[in-house]
Amino acid sequence: MDGFASIGAEMPARLQFAFTVSFHIVFPAFSIGLASYLAVLEGLWLLTRQRVFYDTYKYWLKIFAVVFGMGVVSGLVMSYQFGTNWSVFSDRTGPILGPLMGYEVMSAFFLEAGFLGVMLFGEKRVGRGLHFMATVIVAIGTLASAFWILSVNSWMHTPAGYAINDVGQFVPADWWAIVFNPSFPYRLVHMVLACYLTTAFAVGAVGAWHLLRESGNESARLMFSMAMWMALLVAPLQILAGDLHGLNTLEHQPAKIAAMEGHFETQAGAPLILFGLPDMAAEETRYALAVPKLGSMILTHDWDGEVRGLKSWPPEDRPNAPIVFWSFRVMVGLGVMMVLLGPWSLWRRLQGRLYDDRFLKRFAVVMAPSGFIALLAGWITTEVGRQPYTVYGLLRTSESISPVGGLAVSASLFGFVAIYLIVFGAGAVYLLRLMARRPEPAGGDPGEPGPVRAAGILPGLLMGGGTGGAVREGGRHGG
């Protein structure tokens, strides 16, 4: 009876965690990017004394505070689920994951929370230098938080440095190997870049939205221009990081790669399947549109390299190919669109028409949610691709569930859906209203403009075209 109850609870518990983590992940990702963006803006204002940097900083500071708060609240619910729905997993992995999560709280969250108050309310009390230091520390804290959380998640995918005691618990044998497990560096870089791109496209969309209504708004110009630089420089880096991460996954989780690529048969010179319908029952990808041998070239960097198919594993050890296949393509497709936006914006920037191209600005507005969608699609690819394990190859999901009834978990799932849609729906609407505000000069006196030499080329490059644009911008904003 207990076994039946635990089996019946597995899918509702997985759906509940997937639902809550999907809501949660977008807020920390946005706050990681915004914290670094705010640190850059305040640093540029202190360096150049250009009022536009200060105004833009103040515009996004309130939005950051709301995003940060929503991230904290949504994260608390997930922590409780480890005890209510996944108690066996918590007991088995607690000696390793518990300290890592504790390090995240002590070294990252406390750092963020401690200096957030100074960042939000201490501008007139601690001086400009100390206030900037608080902003930088908050940004460092968000990155440190990502470090520990990604270490925890990566260990679940590529466990290392552990031993198993007499009661079946994973216990630490080498903390260095645990923290810096094989997939951690790739996953951390890929995730942090995703956070920055998500924020850049959100900021760029807000800037483009306001430029479509008021083309001369300087804060909107700054937002849009800086976001386009990020699209140009960081999006290609993300493609490279994703490729390296994929090669690492091929080494340690080949079944996930087989599901991502839609391959059921092991073959040399495997094609790249662009689109198709993976069929788990028939063990084939129907209606496949494929490019011969390109799959092997991408995965093994050899035109005739061998790629394992899902048939290499028993059916009970295979991830859900249709979900992984399509979530991966959503992520990659959006990534390609991000990459294309960069050269387009550079072409218009070099023509001196960055702010005149209405199609570019409209496309930037359409791309506003692209980072969030790609982030969620990537997370689905990663986590569904790990199934049927919670600790890859060692602890199955069916063995990790609490001895609770499926009906109870299903009822709480529906409760979470209702409450989340109300609470976080209202929060999202409020954030959109904040972003819809016209960027205006912030209240107060941030200080007098600095000398022209400190305000020329750098602000011009961020807001205008080439060197000529920089000189014009410096002349416009300089003292």
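Count residues from 1 along the sequence.
Using a 3.5 Å distance cut-off with no hydrogens or angles, the side chains of Glu104 and Ser145 do pair a donor with an acceptor. A side-chain donor from one of Thr266 and Ser312 sits under 3.5 Å from a side-chain acceptor of the other. For the residue pair Asn181/Thr158, the side-chain donor-acceptor check at 3.5 Å is satisfied. Between the side chains of Tyr57 and Thr135, at least one donor N or O lies within less than 3.5 Å of an accepting N or O. When only modelled atom types and interatomic distance are considered, Arg349 and Ser225 share a side-chain donor-acceptor pair under 3.5 Å.
Taking Phe184 as the reference, Phe147, Phe180 meet the ring pair (Phe, Tyr, Trp, His ring centres under 6.0 Å) condition, with sequence neighbours excluded. For Ile164, the side chain to side chain contact (heavy atoms under 4.5 Å, CB included) partners two or more places apart in sequence, or in a different chain, are Tyr162, Phe170.
Residues Val384 and Ser327 fail the side-chain proximity criterion, which asks for heavy atoms closer than 4.5 Å. Contact of the Thr84 side chain with the Gln81 side chain is registered, since non-hydrogen atoms from C-beta on lie closer than 4.5 Å. Side-chain contact check for Ile298 versus Glu261: every heavy-atom pair is 4.5 Å or farther apart. Within the 4.5 Å cutoff, the side chain of Val203 has no heavy atoms near those of the Phe224 side chain. You'll find the side chain of Asn153 reaches within 4.5 Å of the side chain of Arg386, heavy atoms only. A heavy-atom distance below 4.5 Å is found between the side chains of Leu360 and Leu341. Under the 4.5 Å side-chain criterion, counting only non-hydrogen atoms from C-beta, Phe17 is not in contact with Leu413.
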Would you give me the side-chain donor-acceptor pairs under 3.5 Å for residues 235-248, sequence neighbours excluded?
from: Gln238; atom 1: OE1; to: His190; atom 2: ND1; distance (Å): 2.9
from: Gln238; atom 1: NE2; to: His190; atom 2: O; distance (Å): 3.0
from: Asn248; atom 1: ND2; to: Pro182; atom 2: O; distance (Å): 3.2

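Cation-pi contact between Arg362 and Trp209: absent, since separation from the ring centre below 6.0 Å together with deviation from the ring axis within 45° is not met. In this structure, Arg308 is positioned above the aromatic face of Trp313, its NZ or CZ under 6.0 Å from the six-membered ring centre and within 45° of the axis. For the pair Arg348 and Trp344, the cation-pi criterion (under 6.0 Å, within 45° of the ring axis) is not fulfilled.
Of all the heavy atoms in Trp326 and Pro278, the pair that sits closest is NE1-CD, 4.3 Å. Heavy-atom minimum distance, Ala163 versus Ala173: N-CB, 4.3 Å.
Checked against the 6.0 Å centroid criterion, the rings of Tyr392 and Tyr389 qualify as a close aromatic pair. Phe372 and Phe201 have their aromatic ring centers separated by at least 6.0 angstrom. Checked against a 6.0 Å centroid threshold, the rings of Phe416 and Phe19 do not count as neighbours.
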Requested in this report: May I have the step-by-step check of ring pair (Phe, Tyr, Trp, His ring centres under 6.0 Å) for Phe68 and Phe27, ending in yes or no?
Outcome: CA-CA 7 Å; Phe68 185 89; Phe27 298 116; over 10 Å; no
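Salt bridge Arg396/Glu399: absent, no basic N to carboxylate O contact under 4.0 Å.
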